[in-house]
Amino acid sequence: MIKTTTGTRIAIRLLGCASATVIAAGSAFAQTAPPVTDGTATAAADVAGDDEIIVTSFRQSLTAALNIKRDSVAAVDVIVAEDIAKFPDQNLAESLQRIPGITIQRDAGEGRAITVRGLGAQFTRVRVNGLETVATATDGASSNRDRSFDFNVFASELFTSIVVHKTAEASLDEGSLGAVVDLNTGNPLAGKAGFNAVASVVGSYNDLSKYVGPRIAGLISWRNDEGTFGASLSAAYSRTEIDQLGNNSVRWAQPRFDSVNGTPCFTSTGTAAGAPRPNAGGIYSPSAACDEVALAFHPRIPRYGIIENDRERLRLTGSVQWAPSDSTKISIDPLYSRFREDRTEKWAEVLFRTLERPIDVSNYKSDGNNNLISGTFNDVPVRTENYFRQSQTEFYQVGGSWDQDVTDRFRFTLMGGVSRSNAAIPVETTLVYDDRDAQGYQYDYTDMQRPRLTFGTDVANPANFQLSEIRDRPSATINSFRTAQLRTEWDVTEGLTLKTGALYRRFSFDTEGFSRDTVVCGNGGVDRIFGTLACSPSSAFGPTAVYGFPGTSALSETVNLGNAGQPDGTTTTWVVPDLAAGTDFTKLYERTAAIDASNTRGVTETVKGGYAELGSKGEIFGLRYAANGGIRYVRTDQSSTGLVSGATATVKRNYDDWLPSLNIALFPTDEVIIRFAAAKVITRPALGNLTPGGTVDGFNFRITNGNPFLQPFRANSYDAAVEWYFAPESIFSVAIFKKDVSSFPVSDSRQATFASTGLPTSIIPPSSPAAVNPEGQLWTINSVINGTGANLKGIEIAVQAPFRFLPGALSNFGGIANVTFVDSSANYNVSGPVVVANTPTGAFGPLVNSIRASTLFGLSKSSFNATLYYDDGRFSARASGAYRSEFNDANSATGNIFEGYGSTFNLDASIRYKINEHVELSLEGVNLTDNYRFRFTDEDTQRNYESNHFGRTFLFGARFRL
C-alpha cells in the first residue's frame with residue numbers, strides 16, 4: 001500500500017519503470033508529473049513499499065530521484081525539483097548536464113541543446129507531459145530547422161521532474177538513438193485540500209550587460225476535500241539582457257593575392273612579361289612568395305564585435321483533473337510558452353573573402369600549420385555592419401488523458417493532444433558600411449583565440465565609408481504534432497504483465513524565408529534603391545569609386561568594444577550604420593520581399609504503429625530479477641517539399657521498421673543491481689537534408705542539395721550497468737554502452753561550374769560576389785547520400801553520497817560526481833586544402849576530395865561534472881562544475897576539415913536560506929569563471945572560427961508560500 005503522511009503525495013509514473021511515490025512534507029501544492037503509464041509494474045507499492053521519501057530540500061530531492069532510478073527496469077536518470085519554482089538550475093538544459101553522459105551546447109551563455117552519450121540533439125526525442133514535441137528557437141545564425149529540441153524556450157521554474165530514458169523499450173516512443181527525455185509539470189490531485197499558492201521573485205544581473213531583469217514565477221491550485229477534483233494554474237515570466245563580446249573569422253581560406261612583399265603575383269592580360277595590372281584580371285605569375293601565401297590559410301573575415309541579446313520569456317500551464325472513483329482519472333493539461341529575443345550584432349571587419357585579388361601583402365608570417373598568422377595588407381575592403389533580428393517563438397500544447405482500471409488486472413490509458421511551435425523572425429536586418437581600398441591593415445593570430453586586429457584607416461570616421469548594402473531576411477518555421485495513443489496493461493499472472501498499444505502521430509515541419517537584400521550599386525549604372533546615384537563599374541578601384549551612399553554622422557552610430565579579450569593594439573572603436581536612420585533613409589522595409597528559395601521547404605511525416613511488451617519479475621535459482629521485452633512496429637509516410645528552379649517539388653515515400661527491445665535487471669543483493677539492455681532503434685533523417693530543393697551560398701561558391709530519399713539512422717544498441725547502493729542516499733555505478741549504426745547519411749561533394757547545375761542565376765543572393773560573376777570560380781556542390789554506417793561506444797562512472805562519516809555539521813555535506821568517456825568512428829566525405837597554386841590553365845587548384853574518419857558530430861570524448869552541496873534543512877549551498885572536451889560539430893568549407901568547439905568548463909553555485917516555512921531567500925551565480933567559448937575550423941590545425949564570452953550572471957530573490 002501507499003503510505004501517506006501529513007505531507008503531499010507525489011506519484012511519478014515513468015516510461016519503462018514502476019510507479020514511484022514521493023512525499024513532499026508540508027508542500028502547499030502538488031509537484032507531481034502527470035502519470036505516464038507505459039511502464040512495467042504499475043502499483044506504487046512495487047517501488048515504495050512502506051518507505052516514505054520526504055522532499056523538503058535539495059538533499060531529499062536527490063534521494064527521490066535515486067529511488068526512482070533504483071526501481072526502474074530500464075536505464076533511467078531523474079531530476080526531481082525540491083518544490084515548484086525551485087528547480088535546481090535556471091535552465092532545463094543546464095540541469096540535464098548534471099546527468100551522466102549528457103553534455104550541452106549554449107547559446108548566449110544559456111544551455112540550449114543536449115548531447116546524450118555522444119549523440120547530438122537531433123538524436124534525442126523530448127516529450128512534454130508524455131507527448132512528443134519540438135520547441136524551436138533561434139541561435140546566433142538562424143532558426144532551429146531540425147528535429148532538435150530547444151530547451152531555452154521554456155522557463156524552468158514550473159517543471160517538477162525530468163526523466164531521461166537511456167535504453168529503449170517497446171512501450172517507449174521511438175525516434176531516438178540517444179535518449180527520450182520527459183519533461184513533467186504539476187498535478188493538482190496530489191496536493192492537499194483547499195486553496196494553495198506559492199510565488200518566487202528573483203532579480204537577474206549580468207556583469208557584461210550591467211542589466212538587472214526580473215524572474216517571477218507562481219502557482220495557485222485547489223483540490224476538494226474528497227480528492228476527486230483539482231485544478232491548478234501556474235505562470236513564469238523573465239527578462240534578461242546578455243552581452244557577448246569576442247572575435248570571429250568566418251573560417252579560413254587560401255585564395256591568391258595581388259602582390260607579396262612587393263613581388264607582383266599577376267601580370268596584365270595577354271602577355272606573361274607585361275606590366276603588372278593592379279587590382280583586377282590578369283594572369284597569375286607563379287613565384288615562391290606568391291605561391292606560399294596563396295596556399296597558406298588566412299582568416300576570411302577577421303573581426304571583433306559586440307552581440308547583445310535581449311530575451312523575454314512567458315510561460316503558462318494549467319491542469320484540470322477529475323477522479324470520480326479510485327479506478328478512473330481524467331486529466332487535461334494545457335501549456336503555453338512565448339520566447340522573444342532581440343539580437344543586435346555590431347562588427348568591424350575586413351572582407352578577404354573571395355576579394356583577395358586587389359590586396360597587397362607584406363611583412364607576413366606563417367606557422368607550422370600552413371597558416372598566414374600575421375601580416376600587413378593594403379587595398380583591403382574594410383567593412384562595418386549593424387545586424388538586428390527580432391524573433392519570437394510561441395509554443396502551445398493541449399494534452400488529455402483517461403486512465404481507467406477496468407478490472408483489478410486490466411487497465412488502459414487513452415491519451416492524445418496537439419502541439420505547435422511557431423518560430424517567427426519578422427525582422428532580420430543588416431546595414432553595411434564599406435571602404436574598399438583601405439591601407440595599412442594588420443592582423444596577428446599568433447594567439448588563435450585572441451587575435452590583434454588593427455585598422456590602418458580611421459574606422460571611427462563616417463566619411464571614410466559608403467553605405468553599400470542593405471539586407472532584410474524575414475522567415476518563419478512551424479513545427480506541429482498531433483498524437484493519439486492507446487496503452488493497455490494486463491496482469492496475466494503474479495509477476496507477469498502484458499502491455500499492448502496503438503499509436504498515431506502526425507508531425508509537420510514548414511519553413512519559409514524571404515529577402516529584401518540588395519547592394520546599392522551593381523556593375524555601374526545608377527543605384528538600385530533610388531536610381532539617382534551614378535555608380536562606378538565593379539572594376540573601378542580607389543577613393544573616387546562610387547559603390548554606395550556617402551557615410552555621414554546622421555547615418556552612423558559609434559561602437560566601443562569593451563573587454564572582448566583583445567590584446568593591446570586592437571582597434572576598439574568604430575562606426576556602423578545606424579539602423580533606424582539607415583532603414584528609414586533607404587526605405588528598406590518598403591521593398592517587396594522576394595521568396596528565399598533556399599529557406600522555403602517542408603516535411604510531413606505520419607507515423608502509425610503499435611507495440612507488445614511482456615514484463616516479468618520473480619526469482620530464478622534464488623536470484624531476483626525484473627525484465628521486459630517486446631517489439632514495436634512503426635510505418636512512416638513522408639512527404640518532402642522544396643523549391644527547384646522556382647517551382648515547388650514534392651516527393652513522397654514510406655518505410656517500415658520493426659524495433660525489438662529487451663531490458664533485464666538482476667538483484668544479487670538488496671544493494672546491487674546489474675542491468676542489461678539491447679534494442680534496435682531509429683532516428684529519422686535531419687529535416688534540412690530531406691528537401692528536394694537546395695541552397696545557394698554565393699559567398700563561398702557553394703550549392704547544397706537535399707535528398708528526400710535518405711534512410712533513417714538505424715542502429716543496434718547495447719547497454720550493461722552495475723549499480724551499488726552502498727548506503728542511504730548513495731550510489732556508485734558503472735555503465736557501458738555500444739551503438740552500431742548501420743545507416744548513416746554522409747555528405748557527397750564535387751566541384752563544377754554553376755551552369756552545370758541547371759539552376760537559374762536568380763537564386764544566387766544578390767549581395768554575394770557570385771551574383772556579379774557566377775562563373776568566377778568553380779562551385780562546390782554538396783549533397784547528402786546514404787553512408788555505410790558508424791559505431792559508438794563508451795563508459796559512464798557515477799557516484800553520489802552524503803558525507804555522513806564527518807562529525808557534527810560537516811555531516812550535512814555531500815557530493816555528486818560522474819565522468820563519461822565516449823568514442824566513435826564514422827566516415828565523412830571532405831574537401832581538403834588546395835595544393836596547387838597555379839594549374840596549366842592558370843586556375844587556382846581545386847580542393848582535394850577525400851574520405852576522412854572522425855567521431856560523430858557533437859561528440860565529446862570525455863566529460864565530467866561534480867556537485868558539492870551542504871544542506872541542513874534550513875541553510876543549503878552547492879557548487880557545480882561541468883566540463884566537456886572539444887568536439888567536431890559539422891563539415892566545414894574552403895579547404896578546412898571539420899569545425900567544432902574547444903573544451904569548456906562552467907562553474908555555478910547557489911545559496912538558500914529558509915527563514916520560516918513561508919519565506920526562503922536565495923543567491924545564485926552562473927558561469928562564475930566567465931568561461932570563453934572557442935569555436936575552431938579545421939580539426940587538425942584548430943584555426944580560429946570564433947572566441948567570445950558572455951559574462952557572469954547572478955540571481956537573487958525570495959520564495960513565498962501561503
Chemist: Would you compute the distance between atom CZ of Arg106 and atom OH of Tyr901 and round it to the nearest 0.5 angstrom?
Modeler: 13.0 Å
Chemist: Do His949 and Leu208 come within less than 4.5 Å of each other through their side chains, counting heavy atoms only?
Modeler: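 Yes. Closest side-chain heavy atoms under 4.5 Å.
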Chemist: Determine whether the aromatic ring centres of residues Phe257 and His298 are separated by less than 6.0 angstrom.
Modeler: yes
Chemist: For the CG atom of Asp360 and the CG atom of Asn378, what is their distance to the nearest 0.5 Å?
Modeler: 6.0 Å
Chemist: What I want to find out is whether Arg338 reaches Glu394 closely enough, with some N-O distance under 4.0 Å, to be called a salt bridge.
Modeler: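 Between Glu394 and Arg338 there is no salt bridge, as every charged N stays at least 4.0 Å from the carboxylate O atoms.
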Chemist: Under 4.0 Å between a Lys/Arg side-chain N and an Asp/Glu carboxylate O for Glu428 and Arg471?
Modeler: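 Salt bridge absent between Glu428 and Arg471.
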Chemist: May I ask you to test the Met448-Asn371 pair for a side-chain heavy-atom distance under 4.5 Å?
Modeler: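 Yes; the side chains approach each other to less than 4.5 Å.
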Chemist: Any side-chain heavy atom of Thr571 within less than 4.5 Å of one from Tyr304?
Modeler: no
Chemist: Can you find a pair of side-chain heavy atoms, one from Leu295 and one from Phe844, that are under 4.5 Å apart?
Modeler: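 The answer is yes; the side chains approach within 4.5 Å.
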Chemist: Any side-chain heavy atom of Arg383 within less than 4.5 Å of one from Ile301?
Modeler: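 The answer is no, as the side chains (C-beta and beyond) never meet within the 4.5 Å cut-off.
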Chemist: Check this for me: does any side-chain nitrogen of one of Glu312 and Arg340 sit under 4.0 Å from a carboxylate oxygen of the other?
Modeler: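 Judged by the 4.0 Å cut-off on N to carboxylate O distance, Glu312 and Arg340 do form a salt bridge.
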Chemist: When the aromatic ring centroids of Tyr443 and Tyr445 are compared, is their separation below 6.0 Å?
Modeler: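 Centroid separation for Tyr443 and Tyr445: below 6.0 Å.
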Chemist: Between Glu341 and Arg389, does at least one N-O distance fall below 4.0 Å, as a salt bridge requires?
Modeler: yes
Chemist: Which one of Thr430, Thr344, Asp578 satisfies the side-chain contact (heavy atoms from CB on, under 4.5 Å) criterion with Asn386?
Modeler: Thr344
Chemist: Go through the structure and list residues passing side chain to side chain donor-acceptor pair (under 3.5 Å) with Tyr284, not counting sequence neighbours.
Modeler: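 Listed in chain order: Asp291.
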Chemist: Between Thr937 and Ser892, does any side-chain donor sit less than 3.5 Å from a side-chain acceptor?
Modeler: yes
Chemist: Is it true that the NZ or CZ of Arg357 lies under 6.0 Å from the centre of Phe266's six-membered ring and within 45 degrees of the ring axis?
Modeler: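 So Arg357 does make the cation-pi contact.
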Chemist: First locate atom NZ of Lys587, then atom CZ of Arg516, and finally report the distance between them rounded to the nearest 0.5 Å.
Modeler: 14.5 Å
Chemist: Is any side-chain heavy atom of Asp596 less than 4.5 Å from a side-chain heavy atom of Ser475?
Modeler: no
Chemist: On a heavy-atom basis, which atom in Arg300 and which in Ala253 lie closest, and how many Å separate them?
Modeler: CG-CB, 3.6 Å
Chemist: Can you tell me how far the CG atom of Asp243 sits from the OG atom of Ser209, to the nearest 0.5 Å?
Modeler: 5.0 Å
Chemist: Donor-acceptor pairs under 3.5 angstrom involving side-chain atoms of residues 588-595: please list them, not counting sequence neighbours.
Modeler:
residue : atom : partner : partner atom : Å
Tyr589  : OH   : Thr429  : OG1          : 2.7

Chemist: Can Asn896 and Thr894 be counted as having a side-chain donor-acceptor contact under 3.5 angstrom?
Modeler: yes
Chemist: Are any non-hydrogen side-chain atoms of Tyr364 and Asn261 less than 4.5 angstrom apart?
Modeler: yes
Chemist: Indicate yes or no: at least one non-hydrogen side-chain atom of Asn944 is less than 4.5 angstrom from one of Pro299.
Modeler: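 They are not in contact (no side-chain heavy atoms under 4.5 Å apart), so the answer is no.
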Chemist: Quick one: do the Asp379 and Gln439 side chains pair a donor with an acceptor below 3.5 Å?
Modeler: yes
Chemist: Might you work through the side-chain contact (heavy atoms from CB on, under 4.5 Å) test for Gln942 and Asn369, ending with a clear yes or no?
Modeler: CA-CA 9 Å; Gln942 302 277 295; Asn369 290 319; over 6 Å; no
Chemist: Run the side-chain contact (heavy atoms from CB on, under 4.5 Å) test against Ser553 and tell me which residues pass, sequence neighbours left out.
Modeler: Pro462
